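A short worksheet on the structure shown next.
Remember, predicted model here, so these are calculated numbers, not experimental data. Remember, it's 1-based here, ligands and their atoms both numbered in the order they're listed.
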Amino acid sequence: MEEKIKKVLAEIVHPETEKNIVEGGVVGGVSVNAEKITVTLHFAKSRDPFALKIKSQAETRLKEAFPDYTITVIVREGGTTPRPEPKQTTTTGGIAHVIAIASGKGGVGKSTVTANLAVALRNSGYRVGILDADIYGPSQPKMFGVEDYLPDAVREEGEDRIVPAESMDIELMSIGFFIKPTDALLWRGAMATNALKQLIHQTRWGTLDFLLIDLPPGTGDIHLSIINELKIDTAVIVSTPQQVAVVDVVRGIEMFRNEHVDIPVAGIIENMAWFTPEELPDKRYYLFGKGGARRYAEAAGVELLGEIPIVQSIMEGSDEGHPAVGIDPRVEQWYRVIAQRIVEKAVQNG
Ligand code: ADP
């Protein structure tokens with residue numbers, strides 16, 4: 001019976017070690033009595049972000065395989081026999097604060113907001129880097145006009161370092177430099193996770209006040225593994241006012257608040273909050289409804305960091321490789337206020 005249970009558990013793979021949980025030593029005790037199966041999972045780390053997911057996978061699979069038994073899965077973290085971590089050098093030592101930019105859905109302007117925030121921070125005198133981790137649509141290279149950049153590796157202190165692109169004094173590393181747009185969907189799971197780990201630890205970041213991470217939309221394993229690689233000081237959620245986005249936004253906030261992750265959420269930025277035509281600068285058309293993000297922010301107990309309307313210069317700036325903060329003084333002012341609020345939160349937490 002015990003062997004059968006282990007066989008079921010061996011179908012579960014730990015996303016980080018890429019070993020099944022039996023072989024990887026996660027499955028500790030397995031005990032069976034007349035109607036009860038109890039399994040203990042040992043995680044060597046004290047905060048393994050995959051622990052909850054693996055626990056629930058184990059419960060589901062055991063319930064399916066042994067429907068007549070009551071299943072109990074116990075999680076122990078910071079296991080009694082921690083495996084030694086491989087020695088890893090990292091280039092993140094010169095980064096003072098890390099800010100993650102997330103969104104519930106694609107297309108809400110997360111990448112545009114990341115690029116403009118980066119320029120606003122740079123304009124305030126900070127040294128800024130961006131890690132574009134959006135494997136489904138890496139758009140930072142285009143936003144900064146460096147799509148053709150081919151990163152070089154250099155040898156420094158016996159280690160290979162990847163040289164980031166530089167545009168408007170911002171250091172930029174993107175998963176997009178390594179994949180063709182048509183490849184993007186294949187870059188799932190372990191492959192993307194490993195590539196991102198390498199980009200985080202081997203990019204020659206130098207000294208930065210802020211590293212902004214443009215996360216993929218939604219929530220998933222990629223997010224968890226990035227969260228596990230770096231100490232993120234604060235997270236910012238980008239949303240549009242549409243009601244359909246509420247559930248996605250709440251899920252995004254919960255991802256950071258989860259007890260295993262515990263990253264403070266600085267707040268929500270409402271993008272595309274209204275539309276003001278060039279020729280009627282005092283008019284505001286609320287195309288996607290009014291005040292949506294303010295309501296979810298209140299409901300979720302997070303701050304509304306600011307509202308950015310739909311503006312032609314923002315769209316053109318993204319298309320032409322110059323984020324609008326650098327060219328349109330109105331946009332610069334909106335982002336300056338938001339950037340200042342985020343800096344306060346990141347510094348408080350860092
Ligand atoms: P995401 O990263 O969430 O998928 P993007 O940042 O790529 O979204 O934005 C999607 C599209 O919307 C882009 O064409 C971008 O130029 C445009 N866009 C984003 N925010 C605004 C805005 N405030 N005003 C005008 N266009 C915008």
Salt-bridge present (Arg257, Asp262; N to O < 4.0 Å)
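Answer for the salt bridge query: no.
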
Under-4.0 Å salt bridge between Lys55 and Glu59:
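Result for this pair is yes, salt bridge flagged.
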
Enter the distance from [X]:[atom1] to [Y]:[atom2] here, rounded to the nearest 0.5 Å.
X: Thr193; Y: Ile222; atom1: OG1; atom2: CD1; value: 4.0 Å
X: Lys197; Y: Leu230; atom1: NZ; atom2: CG; value: 12.0 Å
X: Arg127; Y: Thr207; atom1: CZ; atom2: OG1; value: 5.5 Å
X: Ile226; Y: Leu215; atom1: CD1; atom2: CG; value: 5.0 Å

Give the residues near ligand 1 by chain and number, with the criterion being a heavy-atom distance under 4.0 Å.
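Under the 4.0 Å cut-off, ligand 1 touches Gly106, Gly107, Val108, Gly109, Lys110, Ser111, Thr112, Met143, Asn271, Met272, Ile308, Pro309, Ile310, Val311, Ile314, Met315, Ser318.
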
